[in-house]
Amino acid sequence: MKKDQYLSGFRVTRKQKISELKAILYELQHEKSGAQLVWLDRAEQNKTFCVSFKTIPENDSGVFHIMEHSVLNGSKKYTVKEPFAELLKSSVNTFLNAMTFNDKTMYPVASRNESDFFNLVDVYLDAVFQPKVLEDPNIFYQEGWHYSFDENGEPSYQGVVFNEMKGAASTLNRKAHTELDKLLFPESCYRFDSGGDPDYITDLTYDDFKKAHSKYYHPSNAYFFLDGDLPLEQLLEKLDREYLSHYMRKDHNFDLPFQKPRSGEATHYYEIGEDEDLQNKCRLSLAGIICSWEEIEKQYAVKILCDALAGTNESPLKKIILDKGLAQDFEMYLSDGIAQPWIGLEAQNTSEEKFDEIKETIFSTLTDIADRGINKADLLASLNQLYFQELDPDEPRGVILAITAMHSWLYGGDPELYFSPAQQFEALREKIDSSYYEDLLREVLLENNNLVELQSLPSQTYGTEREAREAEKLAYEKSLWSENEKKSLIDAQQELQVWQQSADSKEDLATVPSLTLDDLAEEPEYLQTTVAEMDGMTVLSHPAPIKGLVYLKLYFDISDAAFEDLAQLNFMTELMGNLGTSKRDAEELQREVKTHIGNLNFSLLPVPDYEDSGRCKIFYVVTCSVLENETQGAIDLIAEIVRETVFDDAYRANAYLLQIREILRQASNSSAHAFGIMRVKGHYSAAAAAIEASSGFSFILWLKEFIADFNAKWGQFIAWAKRFQQQMFGGERLTVSVSGYSVAEASKMIAATFPAGAARHKEYAEYSVSYPKQEATIIPAAVSYACMACDTRPANGNFSGEWLVVNRILTLEYLWNKIRVQGGAYGCGFSIDKSAKCVFYSYRDPQPWNSLDSYRKSAAFLKEFAEKESNFDRFIIGAVSGLDPQLSHKKQVDIADLWYFTGTTAEKTLLVRRELMATNTGDLLRLSRILETSIRENAVCVVGPAAVIKTEELSLIDIW
Ligand SMILES: [Zn+2]
């Protein structure tokens, strides 16, 4: 393809090599409609397509978020109720989702299979340009909001986005960010909550919704992004013929208004539990716009600056804040990916009376640092770390590149601006020797008169006030309705319910394109593992895709660890690398790690025994990514950290305890289902019990006790940690995994650093939990999370490929309809693991008790479904895609290693795939009987607001 070439209505306007991506970038323009297109032509089998629109919010109604949901609910060509859900069932996509940002909406899909890719592209194109929601308001009511009337005729608000955002609004991190945006951008669209503020979502009318669609979802405002090895001409031809050629170029002015930086102040409240302690729950944020999107070097420089000054507890600014007891945590960051990136500083978990001293300390410390000069070794360490992240790509790569392109393209810039960071990092490396970073610090903070200040304060009554506000709004609206109006609203709700409960016809379903099982005949290849006994250790090795980049994993078998010790063991992994060693203090250690190692991480890994649920193995895992020439140094540092960390530092340890508690407090609110799932699964296998004990509610309870009685507990912890350190890190416990380095050499280096001792250890850990089976936890939130688990083994259940079809049917056919479509919850799911344990969960759910009831009836649904349907191919195809996700090399290594430890092989995995592909009615009926028996004995955990939790039926876990 050449520049100026004309293809299916498109003109090629640019062709350029991008060596860092090993790609050629083509830019094209569709002449009639004005649509723009970029293709990154690279040798990548996973093909990505993304269409984006600039969408500029004009209020907090969340119109573009509701639109993002709604357009995927049927279109002119694809007449089923939810093509998106159908594709989830029946496509082998590696990515299928849509995202609303505060100035754009993106619709990316990806697949390795070419026909599947074309199917996905077509469904998405039809969805965005010809969505059914423009004719059928029921879709808007379901996804956005509607009145729901109870048996007494009392109205309430319901809707998927409405409940999703109620959940999102409960988290302080998100709330503080939205409030900062309001302060920073009083005249730009960034002041609005593009996701939707629940208080305002219910102001949005269907008419305004339709108007917004016709204004923004037009080819002249469309950005098409393609990545990978794909037949471009065929795709352009389709785009032109079926969509773009029907549109005339439209002049629009969607330029974002430039926000002149200005100062400002605000206070806002966020929700905590009604009897939760108010102490240390305030947050002080300072922020300021620093530049425009095209100043890319400056943005990297600010990131380096933030990391060097406040990246760890030892970084100079953060250290002073913590040492003075001004806050329990402190962050400094760049908020980018928008037209005007801004810098933020946050003192977390503090109190109102300390705000002045915090500000004074920030400015006096930074002035002092700018005058004396920033430690150059710190700058280099932060730069190396940041650059390493750029070298070590994540998946889904094509989607990440699509988003990255928009960081400049959306604002009229060059889509490749952010694709080649090497030269910026080179320039920034040289500038370490000048006064560049000090000058930058003065410019963005010290001499910046346009900083804003936000105070976040906790409120025990916020939840009740929010409910009251909602009730008052409803009462007011109700008072305005005539009898006839009320009747028509009730009719509308009934019509919505009838529509929701109606099934798609066979003809409608046939419109959704799907692969056939024959398309999947070719079996996948998996990352290879070579196992060798070398230097007294087991060494696993894997081929590496990127030259010069080494992945090392050290697995210490600690299966003799006591169950009661797992929580503190997890805390110990958090301390490693953060406390000093016998050779150097914490500050120097962290600088050393950042300078020489790309990524270093310590964690616990419970490995299940799929045949015997009562036992598992436990590994202490060190994970490290490093450049080839730094490998020996990395091994030495790892040995120093695991063997010689000095745990005597009560002060530092306490700081981490408080920080971890706060992270968990936020997580147990925003991702409560993850904790609920761990809790209920914990009953059914030793490995799941270990996961719950080390990182679930049990870990939170352990932290709570530890913090309450720190002085007494700390002494015991140190004595235990020292013993553990001496016993557990010998070569005799070690299995090593290597990728990207000579196996023989790595093995020799590691064996020399970790000589084998004489200690013998237990082969398996035998763990079980002792908490009740029916539980609940209260969190300060407006929505709930309902989890239930059961074991199929007592009913002779075994994991096999057919269960993966059941996963799909229950999640996407049954729970999706019951809990999301009809129940208004944002998410839900069912899964079974290789130990044959099942789990059900719901996410941001207004009706958790109904959800539990639906779980109990799932076997009956499965039976009925199996009897009624004759062809499960769609579900089978979707399940196959779940078996082979697009993974980064790192993740592939993790899985390959886990296969080794669990005795899984490529043959066994392919057997599961074959079982899955041959699933028939008889299989599903057999599994429905097993599920029916199994689910009678279950474990339940409901997480939600106090008003929803019925404590007389469930035992309460008092996590805070
Ligand atoms: Zn959403």
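Atoms within each ligand, like the ligands themselves, are counted from 1 in listed order. Since the model is a prediction, treat every value here as computed from it, not as a measurement.
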Do Asn163 and Tyr826 pass the side chain to side chain contact (heavy atoms under 4.5 Å, CB included) test, and can you show the C-alpha distance, the side-chain angles, and the key distance before you say yes or no?
CA-CA 7 Å; Asn163 283 315; Tyr826 178 47; 5.7 Å; no
Is a side-chain donor or acceptor of Lys54 paired with a backbone partner of Phe254 at a separation under 3.5 angstrom?
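It does hold such a pair.
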Is Ser91 reaching over with its side chain to a backbone N or O of Leu88, donor-acceptor style, under 3.5 angstrom?
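Answer holds: no.
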Can you list everything that forms a ring-ring contact (aromatic ring centres under 6.0 Å, His included) with Tyr247? Sequence neighbours excluded, please.
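Listed in chain order: Phe129, His218.
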Tell me the protein N, O or S atoms under 2.8 Å from the Zn ion (ligand 1), in chain and number order.
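Metal shell, protein only: His65 NE2, His69 NE2, Glu164 OE1, Glu164 OE2.
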Proximity of Phe64 and Tyr216 rings by center, below 6.0 Å
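They qualify: ring centres under 6.0 Å apart.
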Does any part of the side chain of Ser671, heavy atoms only, come nearer than 4.5 Å to the side chain of His673, both counted from C-beta?
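Sidechains of Ser671 and His673: in contact.
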